[in-house]
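Following: one structure in structure tokens, then a few remarks.
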Amino acid sequence: SKFKVGPVQNIQPDTFIYEPEYRVFVVRDGNGAFYAISAICTHLGCNVKWVDSSNTNDSSVAIACPCHGSKFNRKGEVIEGPAPKGLQRFHVELSGDKLIVDTSDIVSEDEMFLKV
Ligand code: FES
């Protein structure tokens, strides 16, 4: 359940990488911090889509589910249901110049950001 992404210097701020095999978005925010969130909708498990990566405000929609219309901000928090809770966040750590994402290690919002 671990995978590598990088090198980190090739990932620009305010961009993300989608890993289809793991259904995970690896995001670099505008401050340069990294985090990883699940692309599996917490309603019935459809794949959510990134609809507007320029939306950096916590109250604006960045991610949406095509199945029943749930909407999330760029940190994966629910803005509009029917999704009952936010997208899962995974532990990210640095190893050399690569990120290692561990999808078996679910973290809270406080623990989700990796500053490099
Ligand atoms: Fe995403 Fe229903 S599965 S809104």
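Atoms within each ligand, like the ligands themselves, are counted from 1 in listed order.
Listed by chain and number, the protein N, O or S atoms at a distance under 2.8 Å from atom 1 (Fe) of ligand 1 are Cys41 SG, Cys65 SG.
Cysteines Cys67 and Cys46 place their SG atoms closer than 2.5 Å to one another.
In summary, the aromatic rings of Trp50 and Phe25 are positioned with their centroids under 6.0 Å apart.
In this structure, Ile37 and Met112 approach most closely via the heavy-atom pair CG2-CE, 4.4 Å.
Inter-residue side-chain proximity for Arg23 and Asn47 is flagged as met; some heavy-atom pair is nearer than 4.5 Å.
At a cut-off of 3.5 Å, with distance as the only test, no side-chain donor of Thr15 or Gln12 sits close to an acceptor on the other residue.
Under a 4.0 Å N-O distance rule, the pair Arg74/Asp14 qualifies as a salt bridge.
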